[in-house]
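Worksheet: one structure, shown below.
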Amino acid sequence: MADIDNLDSLSNAELRAQMIAQGLPNMPITDSSRKVLVKRLRTSLGGNAASSAAASPKKAGNRRETMQPVAATAADQVDKSDGLAKTRRSIAFPASDTKEAERRRKPETVAAPPRESEAVKPAAVAAKAAPIQTRRTSNTEHREMHVERVVKKPETIVEETMATTATTATKVTKQHKGESALEVNSLIILESDEEVEEQMSRALNRAEEQLVFKQKTVKPTSKLTTTTTSTQYVGDSLYPSLESTRERIRQQPLERPSLRYEQAPISYSQAAPITTSTHQSHQYISSDPLYPTREQKNQQPLERSSLNYEQQAPISHLSQAPRITGASSYASSGRYSSYLSPQTVPVKSTTSAAAPTATSYRRSPPRNYTTEFSDDTADDEPLSQGGHFESDFARNLARLRAERIGDRGNSINRRITGGRRSLRPEHESTSVVLGRWWQSLDRKYNLKSKLFISMVALLLYVAYRVYY
Amino acid sequence: MSGTTQKYRNFIAEPMGQKSVTELAGIGETLGGRLSEAGFDKAYTVLGQYLVLKKDEELFKDWMKDVCNASSKQASDCYNCLNDWCEEFL
């Protein structure tokens, strides 16, 4: 210590000797470098905290003050034997936390009990120490979070399953509510294509039902004109006549829209059997007796379209068009469109001879209907212009019906030709044709002016002959 | 190093000659005035001190801090400047 205090009084040579003795490099001692070299020598000689703190007061003083609390410094010296973890833990507690300091001093003073006390207290201490632990062990924290999620999820699922398995009817209604919520909220993004298809088909069903409902309420007489003549299905005991069903529809105009959402999925799930055979369709109807008119409405087009398709004028079909598409809307999704076509043959054989036309007609409307839905016109039109939409649809339908059957083999060609055909009049009178021919000639040869000149010349010639 | 300053590049580009101490990187007017008061008015005097301390980075920085109250960055910039100049021209 005496050497350290006398360093400043040493000469340059003595100082250099001291540095060499301490293993420091042999540096030239000058007036400018003496101070720095003395500092270096002092640090190497002393090694104690006091001298080093005196040598560099800024470093040591600042770091200790900022990093460690004042009360923790006393506890830190006591906890040196505990290891690094405890000294770090002391950072978490404020300087005023004397209880923690006392608790941590106990292991030093008492030999055996402190472990027990530490073992007992961790639960109480864990609340305070938790933040640091979680902060340090971020990986374990994530694992715990995952475990919590896994634990929580089954609970919610169990609750849902408990609620759903309580009664199947409520389950079905809940599903329908969810589906209806999906239907109502069009902004929900569906994950799978199947759901999208189902939702699209349901939306089509709903729209068709709305159209049918509107047409039935607005134009009841036109629907009566499109009655079916004879089918096994119509003569069934459940539905004695179509007129009775229409009367029911008229009598229940306000109840149906509210029930439409819940009924749509059921009708869709059992739509495929309807086309396969009439018996299955009867089973389906009997399963849901609350709303027979709707099922009738869905099944009637199967028969009516096959019977009245070729015989009716296009205008008379306008009223039936939505109903027919309602029956064929199950084929609107890609899965059922390919599924229905071969199986609809036996149904048609039982109904009438005009079945092939009906099949071609059944396939065609969904495409047109989907295009109607996908078009901007359908979305842009407000609800107040629903009649206008119906008229467009009816016009397209009439145009399609006016086409030849052979032209329907290719849907693309049919679509293109139909659109062009609508722009041109099919039957033109001869006068119109001659007028066009004359206009084309006039444009090409400027016949009007020539004729005018020739007529004037002829008149002059005639006048000359008359007077002279 | 994040990058070199124009002052550093200018000092490294040529022999220091009779350049002022303020042309060293990291030394401005304030530190240059303090160094001049301490007798280090030219860059080569600071280079001499750098060489006296045997190019020891820690000693040179401590000396800079002791003589002109330079900050760690200023001392480091000056040391790098002299060190690179020595590698180039010495």
Side-chain angles (χ1 to χ4, degrees), chain A residues 1-68 73 91, chain B residues 16 18-28 30-83 85-87 90:
Chain A
M1 292 295 284
D3 294 335
I4 296 169
D5 294 334
N6 295 328
L7 284 178
D8 291 332
S9 61
L10 291 176
S11 64
N12 293 340
E14 291 172 349
L15 193 62
R16 192 165 62 89
Q18 284 278 345
M19 287 180 67
I20 292 167
Q22 288 294 324
L24 294 172
N26 188 11
M27 306 282 279
I29 308 297
T30 61
D31 291 341
S32 61
S33 61
R34 181 184 173 87
K35 198 173 181 180
V36 176
L37 293 174
V38 166
K39 200 180 292 181
R40 170 72 66 87
L41 182 61
R42 189 169 286 155
T43 56
S44 63
L45 281 173
N48 54 4
S51 63
S52 65
S56 58
K58 288 181 181 177
K59 282 185 181 178
N62 287 336
R63 285 181 184 173
R64 288 292 177 184
E65 286 173 1
T66 54
M67 294 297 292
Q68 240 172 349
T73 53
I91 297 170
Chain B
M16 65 178 71
Q18 299 295 320
K19 285 184 179 178
S20 172
V21 69
T22 56
E23 293 190 40
L24 282 165
I27 294 175
T30 306
L31 295 186
R34 290 174 190 167
L35 284 170
S36 295
E37 288 177 1
F40 300 93
D41 56 343
K42 297 293 183 181
Y44 58 82
T45 57
V46 180
L47 174 66
Q49 185 65 30
Y50 165 79
L51 292 174
V52 163
L53 296 174
K54 293 193 172 181
K55 300 182 181 179
D56 191 308
E57 182 176 4
E58 188 177 356
L59 285 176
F60 182 77
K61 287 180 180 176
D62 286 343
W63 174 80
M64 286 283 291
K65 291 173 186 174
D66 185 56
V67 171
C68 61
N69 290 324
S71 66
S72 296
K73 186 181 181 304
Q74 288 167 337
S76 180
D77 288 343
C78 186
Y79 171 80
N80 290 327
C81 182
L82 288 173
N83 193 31
W85 187 92
C86 287
E87 286 181 0
L90 200 63

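Remember, it's a predicted structure, so these values are computed and weren't measured experimentally. Chain identifiers are assigned alphabetically (A, B, ...) following the order of the sequence lines, protein sequences preceding nucleic acid strands; residue numbering begins at 1 within each chain. Side chains included, hydrogens not; waters and symmetry mates left out as well; all remaining heavy atoms used.
Smallest separation of non-hydrogen atoms from Met27(A) and Leu59(B): CE-CD1, 3.1 Å.
Within the 4.5 angstrom heavy-atom criterion, only side-chain atoms of Phe40(B), from C-beta onward, approach chain A.
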Between chain A and chain B: donor-acceptor pairs at under 3.5 Å:
{"from": "Asn26(A)", "atom 1": "O", "to": "Lys54(B)", "atom 2": "NZ", "distance (Å)": "2.5"}
{"from": "Ser32(A)", "atom 1": "O", "to": "Trp63(B)", "atom 2": "NE1", "distance (Å)": "3.3"}
{"from": "Ser32(A)", "atom 1": "OG", "to": "Gln49(B)", "atom 2": "OE1", "distance (Å)": "2.4"}
{"from": "Lys35(A)", "atom 1": "NZ", "to": "Asp66(B)", "atom 2": "OD1", "distance (Å)": "3.2"}

